[in-house]
There are 2 protein chains.
Amino acid sequence: MTDSDQLPRGRATAEMVAARAQVSRVAVSRAFNPHTSLKPEKRELILKIAQELNYTPDRAARALVSGRSHLVGVIVPDVCSHWESQEIDALTTALQAEGFATLLFKTRTDYSMDEQLLAYMRGFNPDSVIAFVENVKPHTLARFLDRAVPIYVHYPLPGASVEPEGEPLHDRLNVLQRDGIDQAIALLQGFGARRIAYLSGAEKSRANGSRERTLRQVMADRGLAPPVVARGDFGYDAAYQATIDLFRVGDGADAIFAANDVGAFGVIDALRHELKLRVPEDVKVVGFDDIAQSHWKSYNLTTVKFDLDERVRALVRLILRRLNNPDAPGFQETLNTRLVVRGTVG
Amino acid sequence: MTDSDQLPRGRATAEMVAARAQVSRVAVSRAFNPHTSLKPEKRELILKIAQELNYTPDRAARALVSGRSHLVGVIVPDVCSHWESQEIDALTTALQAEGFATLLFKTRTDYSMDEQLLAYMRGFNPDSVIAFVENVKPHTLARFLDRAVPIYVHYPLPGASVEPEGEPLHDRLNVLQRDGIDQAIALLQGFGARRIAYLSGAEKSRANGSRERTLRQVMADRGLAPPVVARGDFGYDAAYQATIDLFRVGDGADAIFAANDVGAFGVIDALRHELKLRVPEDVKVVGFDDIAQSHWKSYNLTTVKFDLDERVRALVRLILRRLNNPDAPGFQETLNTRLVVRGTVG
DNA sequence: TTAAAGGATGAACACGTTTTCATTTCTCGT
DNA sequence: ACGAGAAATGAAAACGTGTTCATCCTTTAA
């Protein structure tokens, strides 16, 4: 198999395959598109020759005429952040199975949306866009992406209706945080915790805002005093320092609910290694997300699970449905949360 | 600014911008390409109108005629793996600054290359491809990617020449592991460690193979007995179990050199939480990579730093150089490693 | 003032595919 | 055997851009 001799230099085109198979170039196109009429034997022959020539239809050319790039843009502030890397991983796998590819873009970590980045991304013509940047308004996104309909992650407060009020233009992923958070607070309450602190995420983040408000409401419903707030940013280092301040400058707490798991890790390490407190005996800790690292023995974190697989499946469903119904009104998916009990409460 | 009224539905094209600016379509194309001759005032006007109309040149069309997709394919077995997620993050940032975008593909975690995936990826026509899959041969990659020249990560053994012997066809990133590993072993030896074990990475991985061989040579040079090998796979769970087996079934060790940092985390947690041994008093641990988590207080890992920024800069240099010299022989970059001392040896 | 040189400009072509449409060939019931 | 409907087929158009080339305009040097 000395390919280099027989094969022409550079990429093979449909024309070359057609010539070799003694058919028209259109037939080659049809051979690669399932729902077109082409005699089975002919399709088989074409695919065989295509494989010999290492031919694959050029997606750029295909996108130009069909209007489908089969690219899904993903905007993240920080790929290494555990939650996001796991999301990207699962999403890429799922999209790949549907014939799409993930196009990655990084924006600033301060959660400020970057109009320049949106224009840059638009050039690649993604069929859909998923933004893990919290404070970007769907309207802004929509203005920059002509074809793609952005997905809006919505966090309804307990009791509030899931029905969209404002703009039914955008697809929605509703995340019900109440159940998981209520189970967590109930567990803490059961173990005698009364002075519960909240380690926040990034201040501007919508996820953080809704999480804190849900927590307040749950605690009020259970007759608990409002939580003391320690300011974090979803990262380890900020959580570490905020916890130290909470105990050195502030009055401390007998339990800490963290806005995400990585923050909880920072809390735990600060308690154990800096403040010489025991977890869970002296202070109890609960996280949010249930990322893969949460079961590592050094942390063994009790946390509110926001199921990764469910979430990705919902996202992919939204993307595909939108692609098949470009002009339909906003679709919706709703996800719940629940507590996973491990070793940091007890 | 009621865009929706004035702006036509769908994506703006160069034609529309040209019409509005009273120039030819070619002028619009030139306005977006720096090194073309166009009267400055005219360029300015065109860019202004383009912005009003939310116009960006379509990359698909541009790729079709220029032969440059400005996409860089990245193949990974597992995005969430810490090392890889950090690499992807830094790489995406660097490529974005150069006008490229990262196209992500996932392959099987068992480090077996997937020809189907390569054909799939080829359809997107990436200008370059970076494969974090260890056992894929550059030749295989090259056969599937007509235009792109794959980058081969080479781990020369101590004393061996860096000069390529076999195929100068492929660009090379040489990683000199000796210095860092030697510093690590010297430190361990200085603290009295004699029975040093190696927690391996994935068996088929080239990085693992070369790391183990380098370690053996360094230890032999220092008059130490060859290391006992515990089989891991670069992951936390396998490292955890392998460490338990090393002490329960095998004869234990007074120091463990792990093939990567995540493996070292598994080792530490097994030692502390399962075997009730102290780190570093009873057993010393050294990792490899220096990922961001290594400074977390629960681990505070002494590790061989394989500098992320240097590595990414070298990769981007290779990519750009290759793009500007498509037919040049293989380019090379060489990186060194060094020990970062923290708290798991002492 | 004039010729040469160089910058600015637009028409036409090229890129590789899908889609549309008109034509040809096949299949099936009578 | 025959017509009708369906399936199969290829020519031509379309997608939105960069590039080439010939032309026009401006500047510069003598």
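Chain letters run A, B, ... following the sequence lines, proteins first, then strands; residues in each count from 1.
- For DNA chain C, the span of nucleotides reached by chain B at under 4.0 Å from its heavy atoms goes, 5' to 3', from C:dA8 to C:dG16.
- A salt bridge (charged side-chain N to carboxylate O under 4.0 Å, His left out) with B:Arg317 holds for exactly one of B:Glu98, B:Glu333, B:Glu310; it is B:Glu333.
- Under the 4.5 Å side-chain criterion, counting only non-hydrogen atoms from C-beta, A:Val28 is not in contact with A:Ile49.
- Rounded to an integer number of Å, the gap from CZ of B:Phe32 to P of D:dG18 is 9 Å.
- A donor-acceptor pair is defined here as one N or O able to donate and one able to accept, closer than 3.5 Å; such a pair exists between the side chain of A:Asp127 and the backbone of A:His70.
- Not one N or O on the side chain of B:Arg322 forms a donor-acceptor pair closer than 3.5 Å with the backbone of B:Ile151.
- Salt-bridge formation is detected for the pair B:Glu52/B:Lys48: a Lys NZ or Arg NE/NH1/NH2 atom is positioned less than 4.0 Å from an Asp or Glu carboxylate oxygen.
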message: Please encode protein proximity along nucleotides 8-16 of chain D as a string of B, S and -, counting only heavy-atom distances under 4.0 Å.
response: BBBBBB-BB
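- A donor-acceptor pair shorter than 3.5 Å can be found between the side chains of B:Arg43 and B:Thr36.
- In this structure, the side chain of B:Arg311 does not engage the main chain of B:Val175 through any donor-acceptor pair within 3.5 Å.
- You'll find the side chain of B:Thr93 stays beyond 4.5 Å of the side chain of B:Val312, heavy atoms only.
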